Amino acid sequence: MTLSPTSSVSSRALPTLESRLPQRRELLTAIPGPASQELAARRAKAVPASAVSTMPVYAADADGGIIRDVDGNSFIDLGSGIAVTSVGASAPAVAQAVTEQVGHFTHSCFMVTPYEGYIAVAEELARLTPGDHEKRTVLFNSGAEAVENAVKVARLATSRQAVVAFDHAYHGRTNLTMGLTAKTMPYKTNFGPFAPEIYRMPMSYPYREANPEITGEEAARRAIEQMEKQIGAGSIAAILIEPIQGEGGFIVPAEGFLPTLADWARENGVVFIADEVQSGFCRTGAWFASEHEGVVPDLITMAKGIAGGMPLSAVTGRAELLDAVHAGGLGGTYGGNPVACAAALATLHTMEEQDLAGRARGIEELVTPRLRALAEELGGDQGPIGEVRGRGAMLAVELVKPGTTEPDPETTRAVAAACLSQGVLILTCGTYGNVVRLLPPLVIDEQLLSDGLEVLESVLRSHSSTASDLTAPSHVTAPSHVTAAKG
Ligand SMILES: *Cc1c(COP(=O)(O)O)cnc(C)c1O
């Protein structure tokens, strides 16, 4: 995709990018269509039910903001495969870099025969991550693996063991990262025992604070006091935190929370690890979400958006921390695979060339006012939208039972399903399962985004009237199957 030289609609906030597939929602069959149903039947006999999918349709092609299924239906992608395909799922520069690399070598193992791509990615990450200190980078395959290795580095470098994680945190599904993740179902239940020396501290979650007046700094002091009382600063190897929490509900901590924690960590010899696996790579309107408050992490974990969909993850951080590890202490067969590195270099180049951080800010400017207006229209404090929040193209709507702050996961599920049936892929998240999250590819066409948003708005309107119909005594005559059919 390149910038179109003649952008005909001057009022557009997002410059038009070229694409291969038409950027248009189009449903040709019932959802799921016959070809998807056939695959579902094969899947049921070959894949365990535990490996679930959001969508009942099977992908055949994807480009820009469109996912086309095996029946030819075109869905608007507001999920990016969970914040991965920020440059699109078939960005030409990425496809070309991958093709070129596989024609030479697909693997040599960086631990056996090293290659330039790995070094070039490390150089780029040193340049792009916050802080101008001396940095080193190690590459892995998944976000969880990056988090595991950041913890290994912090423990070794400090000769301490305790690791602090927060309420609502999500850090992965391996044994150590399950332990670091907050939510038990579906991530942890019956998968224990978990690794020791993990301590959980209260997060800053402005919408759900018992004292709504609490500042970010006060919320950080609350956690710091618990750390000092329960663990002791001298025993803590690392504080691990997502600058904006992902899976836990797109929770943006109150201003001052992150810098206060980072300052305390520095004063106490604690390694501050920012888990930017979801929030990194232009997603929040900056290269990394830590930048919004000028936080410079000691270590930063990255994955998802890094390589245009190819599996790659990284730990970048202070040279003295990473250089402390003994020879051979960090590695892995596939870590920093050459094809994934080629994809990452093309992805980072595309992000700079197309100013995708600026585009993420443009997406926020388009989406947030519309969702806030809808929240007002549906009753403000008394309505079903508890909060609209997020930064850049990492935006969320928290749904509650009208007139309360009680989470409404049922409506959230129904809203996502209704959007899907109208050709819009949206994801949900949250400790309470009541958050609709929007993670469009950063290259999404403005018209397409607007169409997707219209579907979400109309679905939220109809589900909101369903809710008030059910609670208002004057409407109790409506038979339940009628309201159910509205979904
Ligand atoms: C997705 C995610 C992970 C885990 O990444 P995987 O690649 O699925 O292992 C870790 N941390 C955060 C913040 C994430 O969003």
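Counting starts at 1 for both ligands and their atoms, in listed order. Only a predicted model underlies this, so the values are computations on that prediction, with no experimental measurement involved.
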Does the ring center of F140 lie less than 6.0 Å from the ring center of Y334?
no
Around [X], counting heavy atoms of other residues, nucleotides and ligands shown, do more than 12 lie under 6.0 Å from its [atom1]?
| X | atom1 | value |
| --- | --- | --- |
| E218 | CD | yes |
| E225 | CD | no |
| E320 | CD | yes |

Which heavy-atom pair separates E197 from R155 by the least distance, and what is that distance?
O-NH2, 3.7 Å
If I take atom CD1 from residue I426 and atom CG from residue L439, how far apart are they, to the nearest 0.5 angstrom?
11.0 Å
As an exercise, identify every atom of ligand 1 less than 4.0 angstrom from a heavy atom of [X].
| X | value |
| --- | --- |
| S142 | 7 (O), 9 (O) |
| E242 | 13 (C) |
| D275 | 10 (C), 11 (N), 12 (C), 13 (C) |

Does even one non-hydrogen atom of K304 get within less than 4.0 Å of ligand 1?
yes
Shortest protein heavy-atom distance from atom 5 (O) of ligand 1, along with the residue and atom involved
G143 CA, 3.3 Å
What protein heavy atom sits nearest atom 4 (C) of ligand 1, and how far off is it?
A144 N, 3.7 Å
Among all the protein's heavy atoms, is there at least one whose distance to atom 7 (O) of ligand 1 comes out below 4.0 Å?
yes
